[in-house]
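These notes are about the structure you will find just below.
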Amino acid sequence: MNMNVSKRLEEGLVSLLSKSTTTLKTSKQTHAHLYVTGLHTHPFFFGKLLLQCAISISDHALQYALRLFHHFPSPDTFMYNTIIRSLSHSSTPLTSLQPFIQLLRHPTLFPDSFSFAFVLKGVANYGYLKRPGIQLHSQAFRHGFDDHIFVGTTLISMYAECGCYVSARKVFEEMSQPNVVAWNAVVTACFRCGDMEGAWGVFQRMPIRNLTSWNVMLAGYVKGGELGFARRVFSEMPMRDDVSWSTMIVGFAQGGSFDDSFGFFRELLREGIRPSEVSLTGVLSACAQAGAFEFGKILHGFMEKAGVLCIVSVNNALIDSYSKCGNVDMAKMVFQNMPVVKCTVSWTSMIAALAMHGRGEEAIRLFHEMEKSGFTPDGITFISLLYACSHSGLVDQGCALFSKMKDLYGIEPAIEHYGCMVDLYGRAARLQKAYEFICQMPISPNAIIWRTLLGACSIHGNIELAELVKARLTEMDPNNSSDHVLLSNVYAVAGKWKDVAGIRRTMIEKSMKKTPGWSMIEIDKVIYGFVAGEKPNEVTEEAHDKLREIMLKLRTEEGYAPQVRSVLHDIEEEEKEDSVTKHSEKLAAAFGIAKLPKGKVLRIVKNLRVCGDCHTVMKLISKVYQVEIVVRDRSRFHSFKDGFCSCRDYW
DNA sequence: ATAGGGTTAG
């Protein structure tokens with residue numbers, strides 16, 4: 001071949017191989033190019049190709065990279081590192097140990113600082129130490145990389161992710177020349193292990209603080225629920241970037257302060273900053289939290305104009321937002337028309353969307369489609385699936401999926417998976433089975449697991465088991481008001497009023513506060529919040545007036561009578577008989593009927609579970625007023641139409 | 001020759 005031609009060809013290939021965003025299809029084409037030119041055995045070109053496939057977030061590309069790697073006659077350290085790196089970022093991060101060990105045992109190759117940094121990151125992402133982490137640390141020492149700045153920094157985050165706070169701090173203190181990234185890593189480690197004072201102390205000691213250090217502080221406070229501190233740091237930082245804004249927007253949304261969250265976004269726009277796709281997805285997640293459907297739609301349009309719909313995470317956020325705003329069909333539209341290759345998160349978000357809306361069978365069908373399309377589900381996919389089964393009463397399917405997760409996909413069940421299984425049996429009235437399941441769990445059950453079973457006891461009225469479970473909960477979390485309320489409901493259903501009164505007394509003695517229930521409704525892009533028993537204002541007055549009118553209509557036309565049982569949910573309310581008529585979701589619905597134009601869907605978001613009486617009232621309103629009402633409660637959606645609910649009264 | 005650690009997004 002002519003020298004110039006071959007030089008030009010090589011340059012062309014290098015530029016092809018250097019593209020950071022590629023699809024599997026173009027990578028395969030590049031592979032074909034290499035093959036034709038005979039360069040596919042050339043370590044440099046092949047290495048580049050491998051990297052291109054491996055860094056792509058696509059599942060298929062990773063599998064393709066693994067196949068390429070296994071067929072390459074003699075991979076070099078760079079290729080090993082590439083594979084270790086991509087596995088450490090995958091849903092099964094511990095699998096990165098396998099090529100690393102191969103590299104360690106290789107007769108002529110040696111691991112370098114990259115190999116250690118990548119494999120340690122894998123253990124960090126796995127988040128559970130036991131032996132591999134410590135062994136890797138000693139191997140790094142043996143190979144002389146433990147004081148390497150990148151390896152050291154990853155060691156800090158690995159120990160912190162695995163909960164070994166002391167080791168994380170020790171690695172840092174022993175570093176000969178920590179740079180600002182290492183300082184940031186140790187601050188993150190403090191937050192990660194719950195030591196807020198420690199984090200502040202280290203932050204004060206830092207020799208240099210760049211923007212990221214401040215962002216680390218913001219993120220730490222936000223995750224620890226210290227929004228006041230976060231706000232202070234935010235106002236004091238010398239400059240802010242997109243990450244700073246996103247952290248505040250998402251943090252306040254997760255803390256339930258939606259006004260603040262949207263306020264930060266408006267401020268960002270006022271300052272003339274062009275929001276990136278991350279801050280846009282952040283605001284969108286705030287919409288999802290708040291159930292602000294109309295605002296979410298505006299953002300969707302904004303994203304289209306900004307040209308960010310080609311980014312997969314933006315589509316995932318849209319699916320999540322639409323479904324959490326009660327519009328599962330719009331979520332499906334986004335999912336089906338994605339202008340970019342889907343990833344595991346896209347499928348999982350769609351499965352979760354169907355699950356939340358009680359469309360369990362459809363969620364399972366979509367999962368099978370996901371498998372057929374060659375995508376690998378992760379732990380969260382299975383949480384969504386098990387949730388779908390428990391909310392649709394699909395006990396057998398749920399059990400089968402739980403086994404499949406362990407046996408076929410090798411995913412070790414986390415506490416959340418066990419929680420779903422307890423819920424699955426419990427809701428389906430198989431209380432004994434749920435109890436036995438908890439007793440033979442390989443990890444020790446936490447309060448949430450027991451609380452799930454207590455909830456099931458209260459639905460199905462099993463006093464004996466409820467008392468046993470409550471005793472366990474009292475040992476673990478003695479001052480939890482919702483546990484007391486749940487047990488008192490069990491007594492109330494059985495007519496054991498003395499016991500109900502006893503619990504009420506205990507709660508007063510311990511001055512326990514029941515979580516106040518609130519509901520929100522969005523009307524003309526404004527979000528209105530209602531809290532039961534709050535001081536009257538213009539809005540609540542109007543809601544109350546309309547609610548009285550509605551209730552009268554329901555009594556006369558549908559023979560509705562308030563359900564006594566639900567009154568008992570509010571055992572702390574002074575005016576018991578009256579309280580059930582004042583539940584926040586009823587007020588929100590009444591306000592919606594008064595304000596929204598006819599034909600519009602009423603979308604209500606509630607922080608607690610919807611009570612039995614409100615559920616009945618919503619069904620009746622949907623029939624009498626011929627209106628569709630979508631209520632999102634703390635665990636799922638209820639779609640009321642023509643007197644029926646999508647949950648088929650199973651919730 | 002090629003890549004890497006700390007902050008935001010299910």
Side-chain angles (χ1 to χ4, degrees), chain A residues 10 14 17-18 20 42-52 54-55 76-82 84-86 88-89 91 112-121 124 148-158 160 172 178-189 191-192 206 210-220 222-223 240-251 253-254 275-286 288 311-321 323-324 343-353 378-381 383-384:
Chain A
E10 283 191 16
V14 168
L17 287 162
S18 301
S20 55
H42 190 296
F44 174 71
F45 288 102
F46 182 79
K48 272 268 194 191
L49 174 73
L50 198 63
L51 182 69
Q52 195 180 78
I55 60 170
D76 59 18
T77 306
F78 179 82
M79 297 169 198
Y80 270 99
N81 290 350
T82 303
I84 295 168
R85 184 198 122 126
S86 56
S88 73
H89 285 293
S91 57
D112 58 15
S113 61
F114 288 93
S115 329
F116 278 103
F118 293 150
V119 75
L120 286 166
K121 183 75 186 161
H148 185 281
I149 187 71
F150 284 83
V151 177
T153 309
T154 322
L155 274 169
I156 295 172
S157 55
M158 179 201 72
F172 176 73
N179 61 9
V180 67
V181 182
W183 279 92
N184 292 341
V186 76
V187 173
T188 304
F191 278 121
R192 188 65 234 233
M206 285 177 76
N210 65 9
L211 185 55
T212 304
S213 314
W214 290 87
N215 284 339
V216 166
M217 291 307 287
L218 285 184
V222 157
K223 282 187 189 146
R240 303 175 188 101
D241 67 356
D242 199 73
V243 173
S244 331
W245 289 99
S246 312
T247 307
M248 298 307 273
I249 292 166
V250 175
Q254 282 170 355
S276 77
E277 81 276 6
V278 181
S279 46
L280 281 172
T281 45
V283 194
L284 201 60
S285 96
I311 298 168
V312 67
S313 58
V314 171
N315 290 272
N316 300 343
L318 279 167
I319 296 168
D320 185 54
S321 174
S323 80
K324 285 188 179 148
C343 67
T344 301
V345 179
S346 326
W347 290 90
T348 301
S349 303
M350 195 59 228
I351 290 171
D378 64 13
I380 305 177
T381 315
I383 289 176
S384 308

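Since this is a predicted model, take the numbers as computed values, not measurements. Here is the naming used below: chain letters follow the sequence lines, and residue numbers restart at 1 for every chain.
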* Between the base of B:dG10 and the side chain of A:T348, is there a donor-acceptor distance below 3.5 Å? -> yes
* To do: Specify the separation, in whole Å, of atom CZ of A:F118 and atom P of B:dA3.
  => 10 Å
* Quick one: label A:S279 by what it contacts on the DNA or RNA (base, sugar-phosphate, nothing), any heavy atom closer than 4.0 Å. => nothing
* Taking the side chain from A:N316 and the backbone from A:I319, do they hold a donor-acceptor pair closer than 3.5 Å? -> no
* Asked: What is the distance from CZ of A:F44 to C1' of B:dA3, rounded to the nearest Å?
  -> 12 Å
* To do: Could you tell me the separation between the CH2 atom of A:W245 and the C1' atom of B:dA9, rounded to a whole number of Å?
  => 18 Å
* Between A:F114 and B:dG4, do the rings stack, that is, sit under 5.5 Å apart with planes less than 30° off each other? -> yes
* To do: Decide yes or no, distance alone: a donor-acceptor N/O pair under 3.5 angstrom between the base of B:dG5 and the side-chain of A:N179.
  => yes
* Roughly how many Å is it from NZ in A:K223 to P in B:dA9, rounded to a whole number? -> 7 Å
* For A:L284, report the nucleic acid contact type (base, sugar-phosphate, nothing); a contact means any heavy atom under 4.0 Å. => nothing
* Is the backbone of A:F114 close enough, under 3.5 Å, to the side chain of A:N81 for a donor and an acceptor to pair up by distance? -> no
* Using a cut-off of 4.0 Å on non-hydrogen atoms, how would the nucleic acid contact of A:A317 be classed: base, sugar-phosphate, or nothing? -> nothing
* Asked: Would a 4.5 Å heavy-atom cut-off, applied to side chains only, mark A:N184 and A:N210 as touching?
  -> yes
* To do: Verify the contact: side-chain N or O of A:K121 to OP1 or OP2 of B:dA3, cut-off strictly under 4.0 Å; return yes or no.
  => no
* To do: Could you check whether A:T247 gets within reach of a base, just the sugar-phosphate, or nothing at all, counting any heavy atom under 4.0 Å?
  => sugar-phosphate
* Looking for any heavy atom pair under 4.0 Å, which part of the strands does A:L51 touch: base, sugar-phosphate only, or nothing? -> sugar-phosphate
* Do A:S321 side-chain atoms and A:A317 backbone N/O form a donor-acceptor pair below 3.5 Å? -> no
* To do: Rounded to the nearest angstrom, tell me the gap between atom CE in A:M217 and atom P in B:dT8.
  => 14 Å
* To do: Scan A:H148 against the nucleic acid and name what it touches under 4.0 Å (heavy atoms): base, sugar-phosphate only, or nothing.
  => base
* Classify the side chain of A:S349 and the base of B:dG10 as holding, or not holding, a donor-acceptor pair under 3.5 Å. => no
* To do: Identify whether any heavy atom of A:V250 sits under 4.0 Å from a base atom; if not, whether one sits that close to sugar-phosphate; answer base, sugar-phosphate or nothing.
  => sugar-phosphate
* **Separation of B:dG6 P from A:L211 CG (nearest whole Å)** => 16 Å
* Asked: So, A:F78 and B:dT2: ring centres less than 5.5 Å apart, planes less than 30° off, yes or no?
  -> yes
* At under 4.0 Å between heavy atoms, what does A:N81 touch on the DNA or RNA strands: base, sugar-phosphate, or nothing? -> base
* To do: Record whether the side chain of A:S346 comes under 3.5 Å of the base of B:dG10 through a donor-acceptor pair of N or O atoms.
  => no
* Asked: Can you tell which of B:dT7, B:dA9, B:dG4 lies closest to the side chain of A:T281?
  -> B:dA9
* Minimum-distance nucleotide (side-chain atoms of A:V243 versus B:dG5, B:dT8, B:dG10) -> B:dT8
* Under-3.5 Å donor-acceptor pair between A:D378 side chain and B:dG10 base -> yes
* Would you indicate, yes or no, if B:dA3 has its OP1 or OP2 atom less than 4.0 angstrom from a side-chain nitrogen or oxygen of A:K48? => no
* **A:I380 CD1 to B:dG10 C1', straight-line distance once rounded to whole Å** => 6 Å
* **Pairwise distance OG1(A:T82) to CZ(A:F46) - rounded to 0.5 angstrom** => 9.5 Å
* Structure fact -> Rounded to whole Å, the CG-P distance (A:L318 to B:dA9) equals 16 Å
* Measure distances between side-chain N and O atoms of A:N210 and base N and O atoms of B:dG6, and say whether any donor-acceptor pair falls under 3.5 Å. => yes
* Side chain of A:D76 (C-beta onward), nearest among B:dG5, B:dT2, B:dT8 -> B:dT2
* Between A:F150 and A:H148, how do the two ring planes meet: parallel, tilted or perpendicular, split at 30° and 60°? -> tilted
